[in-house]
Amino acid sequence: MKKWEVMQMNKRVYGVVGVKSIMSNWNADFTGRPKTTSDDMIFGSDKALKYSMKKYWETQGESILYIKSHVIGKDGKLQPRTLEGRYSQLFGQLDKNTPSTEVLVNLFSALDVMCFGATFAEKGNNISITGAIQVGQGFNKYEHSEVEVQDILSPFSTGDDKDNSTLGKKIVSNEAHYCYPVVINPLAYEGYKELIENFEGFTEAAYTSFVDASLTSATALATNSKVGCENEFTMFVETDIDTYLPSLSEYIYFEKKDGLDIIRFEKPELLDREDIQRIQLYYNPYSVKVEGITGDKVKHMSIFTKEVI
C-alpha cells in the first residue's frame with residue numbers, strides 16, 4: 001500500500017500557486033511564443049504546472065502514469081509509449097480480462113492520478129476519475145511583460161546551402177508572474193470507497209506531496225526554455241469540509257516597488273471567516289513581499305526552507 005493511500009483528508013483547500021519567469025518561456029503555444037488569450041493576456045495552462053509537478057514527483061521515485069515515456073518500436077525508431085504501454089510498464093500487462101477493481105487500485109496508486117484524476121479507456125475499461133485537485137489557468141499578473149525574440153545561429157548547415165549555417169529563434173518573455181488557482185475537494189473519491197477495499201479516498205499524505213511540488217517543481221524543471229522560471233509564491237487556505245470560496249487568484253494584485261515583487265490580496269474580508277482553519281503562505285523572502293493577508297491563522301514561511309519568516 002502506498003503512503004498516500006491512508007488517512008483521508010477531512011478539509012477543503014483553496015490556493016494559489018505563483019510561478020515567476022525571467023527571460024524564459026514558461027508555457028509556449030505552437031508558434032513558440034508565450035501562450036496568450038484572444039485579447040493578448042499572457043497565461044500558462046494547467047497542463048504546464050501539472051507537468052512540472054509530475055516530473056518532480058517522478059524524480060522523487062513516485063509512480064506517475066500520465067507522463068511521456070519512450071520505447072524503441074518494431075522499425076527501430078524511438079517513439080512515445082501508448083497509454084496501455086505506460087500502464088503495463090508500471091503495473092504489468094493489461095488485457096480485456098483484467099478486473100476493473102484491479103485497474104482502479106493501480107490507477108489510484110499513481111500519485112498523479114490520486115491528485116489530478118484520470119481518463120482511462122483501454123482494453124475493456126472505460127474509467128473517468130474527476131481529480132480531487134483542480135488547477136485553473138495561470139494568468140500573468142505583471143502588466144509590463146514583453147515578448148523577446150532572440151536569433152540563434154546553429155553550428156550546422158542546412159545541407160542544401162552548404163556555405164551557411166541554419167538560423168533559429170528563441171522566444172521568451174522579459175518577465176512574467178503567473179498565478180494559478182487551486183481547489184482541493186477531498187470528497188471527490190467518495191464513490192470509489194464502495195468499489196475498492198480499504199480505499200480511504202484523497203489523503204493528507206497526497207496533499208502534503210502536492211504542497212511540496214507547488215514549492216519546488218517549477219524551479220526544478222530547468223530545461224532550456226524553463227531556465228529562469230521558479231516557484232515564488234504559494235498560498236493554501238485550509239477550511240472546513242463544507243466551506244466554499246471563490247477562485248482566490250482573481251484577487252491577487254502584483255506590482256514592483258523598491259526592488260521587491262509586491263503580491264497583494266485585495267479582498268482580505270474573504271479570508272476573515274470562522275470556518276477557515278489556517279492559511280499558509282510560502283514565498284521567496286529575498287524578493288517578495290506579501291500584503292493583505294494577516295491574522296492569527298496566517299503563517300508566513302520561506303519557500304526554500306519552509307521555516308517561519
Side-chain angles (χ1 to χ4, degrees), residues 7-19 37 41 43-50 53 114-117 129-142 177-191 201-215 217-218 231-255 261-283 288-301 303 306 308-309:
M7 198 168 65
Q8 182 182 19
M9 192 169 102
N10 61 358
K11 61 195 172 195
R12 191 179 293 262
V13 181
Y14 298 85
V16 177
V17 176
V19 176
T37 63
M41 291 181 63
F43 75 100
S45 76
D46 62 303
K47 307 298 186 298
L49 183 63
K50 291 175 183 177
M53 292 183 167
M114 172 60 79
C115 289
F116 305 130
I129 301 171
T130 300
I133 300 178
Q134 295 296 320
V135 180
Q137 307 299 298
F139 281 91
N140 171 41
K141 297 290 184 174
Y142 183 47
H177 297 263
Y178 299 88
C179 284
Y180 283 91
V182 174
V183 179
I184 305 178
N185 174 21
L187 300 180
Y189 304 145
E190 288 296 294
F202 188 76
T203 61
E204 281 284 348
Y207 172 50
T208 299
S209 294
F210 177 76
V211 171
D212 183 45
S214 75
L215 308 182
S217 62
N231 299 89
E232 70 167 343
F233 168 76
T234 298
M235 173 172 68
F236 289 112
V237 179
E238 300 177 358
T239 75
D240 293 349
I241 198 72
D242 56 353
T243 297
Y244 297 95
L245 295 175
S247 175
L248 298 181
S249 65
E250 295 295 315
Y251 307 104
I252 296 289
Y253 176 80
F254 177 90
E255 66 177 339
D261 295 336
I262 308 299
I263 296 175
R264 183 165 64 249
F265 190 73
E266 296 199 302
K267 295 294 181 182
E269 62 271 19
L270 278 174
L271 306 180
D272 185 19
R273 301 170 55 127
E274 291 295 325
D275 51 3
I276 289 178
Q277 300 174 9
R278 66 174 180 171
I279 301 173
Q280 295 177 293
L281 300 174
Y282 299 88
Y283 54 92
V288 174
K289 182 180 180 182
V290 178
E291 299 178 345
I293 308 175
T294 58
D296 296 338
K297 298 178 180 179
V298 180
K299 184 181 290 187
H300 294 250
M301 289 169 284
I303 202 168
K306 302 181 185 178
V308 175
I309 299 172

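Sequential numbering from 1 along the given sequence is applied to the chain's residues.
Val183 places none of its side-chain heavy atoms less than 4.5 Å from the side chain of Val13. Contact check for Ile184 versus Phe202: side-chain heavy atoms found under the 4.5 Å cut-off. Considering only heavy atoms from C-beta on, Phe210 comes within 4.5 Å of Ile133 through its side chain. Looking at Glu238 and Ile279, their side chains never come closer than 4.5 Å, going by heavy atoms from C-beta outward. Looking only at side-chain heavy atoms (C-beta outward), Pro246 and Leu270 come within less than 4.5 Å of each other. Contact annotation: the side chain of Val211 approaches that of Tyr282 to within less than 4.5 Å [non-hydrogen atoms, C-beta and beyond]. Between Pro186 and Lys11 there is no side-chain heavy-atom pair separated by less than 4.5 Å.
Ion pairing of Asp242 with Arg12 is absent here, as no side-chain N (NZ or NE/NH1/NH2) approaches a carboxylate O to less than 4.0 Å. By the 4.0 Å N-to-carboxylate-O rule, Lys289 lies too far from Glu255 to be salt-bridged with it.
Between the side chain of Tyr189 and the backbone N or O of Met114 there is at least one donor-acceptor pair closer than 3.5 Å. Listed for the Lys299 side chain is no donor-acceptor partner under 3.5 Å among the backbone atoms of Val308. The main-chain N or O of Leu245 is found under 3.5 Å from a side-chain atom of Tyr14 such that the two form a donor-acceptor pair. For Asp261 (side chain) and Val288 (main-chain N/O), no donor-acceptor pair under 3.5 Å exists by modelled atom type.
Here the rule is side-chain contact (heavy atoms from CB on, under 4.5 Å) with Gln277, and of Val237, Asp240, Thr239 only Asp240 fits it. The side-chain contact (heavy atoms from CB on, under 4.5 Å) with Leu281 is formed by just one residue from the set Ile309, Val290, Ile303, Thr234; it is Val290. Among Ile263, Val16, Val19, Asn140, the single residue meeting the side-chain contact (heavy atoms from CB on, under 4.5 Å) criterion with Cys179 is Val16.
Of all heavy-atom pairs spanning Gly292 and Pro268, the tightest one is O-CB, 3.3 Å. What you find for Pro181 and Ser247 is that their closest heavy atoms are CB-OG, 3.2 Å. The shortest heavy-atom contact between Leu248 and Gly15 is CD1-N, 4.3 Å. Nearest heavy atoms, Gly136 versus Tyr180: O-CD2, 3.2 Å.
The 12-atom threshold is exceeded at CG of Asp275, counting heavy atoms of other residues, nucleotides or ligands nearer than 6.0 Å.
Between the CG atom in Asn231 and the OG atom in Ser217 there is a gap of 5.0 Å [rounded to 0.5 Å]. Distance check, rounded to the nearest 0.5 Å: CD of Glu204 to OG of Ser209 gives 11.0 Å. Note that CD of Gln137 is 7.0 Å distant from NZ of Lys47, once rounded to the nearest 0.5 Å. Atom CD of Glu266 sits about 11.0 Å away from atom OH of Tyr251, to the nearest 0.5 Å. The CG atom of Leu187 sits 4.0 Å away from the CD1 atom of Ile241 when rounded to the nearest 0.5 Å. In this structure, Glu190 CD and Asn185 CG are separated by 9.0 Å, a value rounded to the nearest 0.5 Å.
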Between Lys297 and Leu271, is the side-chain contact (heavy atoms from CB on, under 4.5 Å) condition met? List the steps. CA-CA 10 Å; Lys297 298 178 180 179; Leu271 306 180; over 6 Å; no

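Geometric assessment of Lys50 against the ring of Phe116 yields a positive cation-pi assignment under the 6.0 Å and 45° thresholds.
Checked against a 6.0 Å centroid threshold, the rings of Tyr283 and His300 count as neighbours.
Under the side-chain hydrogen bond (donor to acceptor under 3.5 Å, both in side chains) criterion, Ser45 pairs with Asn27, not counting sequence neighbours.
Using cut-offs of 30° and 60° on the angle between ring planes, the pair Phe139 and Phe43 is tilted.
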